[in-house]
Amino acid sequence: MERLGRDFFARDTLAVARELLGQRLVRVLEGKRLSGRIVEVEAYVGEEDQACHARSGRTERNASMYGLPGCAYVYFIYGMHHCLNVVTEQEGFPAAVLVRALEPLEGIDVMRARRGGRTEVELVSGPARLCQALAIDRQFDGADLCESDADLFIEQEEGVPGGAVVTGPRVGVRGDDAALAALWRFCVRDSRYVSRR
DNA sequence: GGATCGATCGGCT
DNA sequence: GCCGATCGATCCG
């Protein structure tokens, strides 16, 4: 299966977010493939976006958002959770796509074991849930998903047609500012695996 | 140096 | 629906 390369990510963040729907996120854990189809993402774009972690400029935490497109930005939040982003646009411009939900495809038994035997929908429908299921933590912050020996990467699948995409405001983001009000959340319509309907 | 609160989740009412 | 868990970045004094 072909992997998405750096050219895919080195583009407008909204286009990347939209086109990531339907693609397959793969984590190789102890030689075994864990994977899922991406059904929900959000775009975070630049220092002007007041919901973006780069809104106050570059810090140690958000440094990988300023790095190479196609790398991971993994952050730790609420004292216990990790969330996975894929860095977009050109190096030096802080932008990324948050992966919020998957439809489980491979390694479901491993995911269930890592998640305490929850139902299939609860395994990876949520940004912190999928990190727990796929064993993604800050070890992956800055990891290059386009390297040939990466154990986290995205495989190309058939995309989702325009009519099957739903947009909305980003979760936990509200305000009158143009970026805050923007519909930068993209979901696969009718997917049972989207995190909040 | 201290207070605050966050791109969340799961358990309980 | 609400609340507690629990770390760390940011902001204020």
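Proteins get letters first, then strands, A, B, ... in listed order; numbering begins at 1 in each.
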For the pair made of [atom1] in [X] and [atom2] in [N], what is the distance, rounded to whole Å?
X	N	atom1	atom2	result
A:Arg55	B:dG6	CZ	P	9 Å
A:His81	C:dC7	NE2	P	12 Å
A:Glu60	C:dC7	CD	P	18 Å
A:His82	C:dG8	NE2	C1'	12 Å
A:Gln50	B:dA7	CD	C1'	14 Å
A:Arg174	B:dC5	CZ	P	17 Å
A:Arg196	B:dG10	CZ	C1'	13 Å
A:Ile77	B:dG10	CD1	C1'	17 Å

- Should A:Val99 and A:Val165 be counted in the same cluster of Ile, Leu, Val, Met, Phe, Trp and Tyr side chains packed under 4.5 Å apart? yes
- Message: Quick check: is A:Ile108 connected to A:Ile136 through a chain of hydrophobic side chains (ILVMFWY, heavy atoms under 4.5 Å apart)?
- Response: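 Yes, same cluster.
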- Message: Could you identify the nucleotide paired to B:dT4, looking across every strand shown and requiring Watson-Crick or G-U wobble geometry with both distances under 3.5 Å?
- Response: C:dA9
Within the structure shown, what part of the strands sits under 4.0 Å from [X] by heavy-atom distance: base, sugar-phosphate, or nothing?
X	answer
A:Gly126	sugar-phosphate
A:Arg170	nothing
A:Arg118	sugar-phosphate
A:Asn62	nothing

- Query: Is the distance between the ring centroids of A:His53 and A:Tyr75 under 6.0 Å?
  - Reply: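 Yes; A:Tyr75 has its ring centre under 6.0 Å from that of A:His53.
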If you check every side-chain atom of [X], which of [options] has the closest atom?
X	options	result
A:Arg100	B:dA7, B:dG10, C:dT6	B:dA7
A:Phe76	C:dG8, C:dT10, C:dA5	C:dG8
A:Ala128	B:dA7, C:dG8, B:dT8	B:dT8
A:Thr59	C:dA5, B:dT8, C:dA9	C:dA9
A:Arg129	C:dC11, B:dA7, B:dG10	B:dG10

- C:dG8 to B:dG10 separation - C1' atoms, rounded to the nearest Å: 22 Å
- Message: Counting only heavy atoms from other residues, nucleotides and ligands, does the tally under 6.0 Å from CD of A:Glu48 exceed 12?
- Response: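 At most 12 heavy atoms, drawn from other residues, nucleotides or ligands, come within 6.0 Å of this atom.
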- Task: Kindly state whether the pair A:Tyr78 / C:dA5 counts as stacked, where counting means centroids closer than 5.5 Å and planes tilted less than 30° apart.
- Result: no
- Item | C:dA9 base / A:His53 side chain donor-acceptor hit below 3.5 Å |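 Flag unset: no donor-acceptor pair detected.
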- Query: When you match A:Arg115 and A:Ala51 each to their closest nucleotide on DNA chain B, which lands nearer the 5' end?
  - Reply: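 Of the two residues, A:Ala51 wins.
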- Item | Check: A:Arg115 side chain, A:Glu122 main-chain N or O, donor-acceptor pair, under 3.5 Å |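 A pair under 3.5 Å: yes.
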- Query: Below 4.5 Å, heavy atoms only, C-beta onward: do A:Asp151 and A:Phe140 meet side chain to side chain?
  - Reply: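 Sidechains of A:Phe140 and A:Asp151: in contact.
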- Task: Establish, with yes or no, whether the OP1 or OP2 oxygen of C:dC7 is under 4.0 angstrom from a side-chain nitrogen or oxygen of A:Arg138.
- Result: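 No, outside the criterion.
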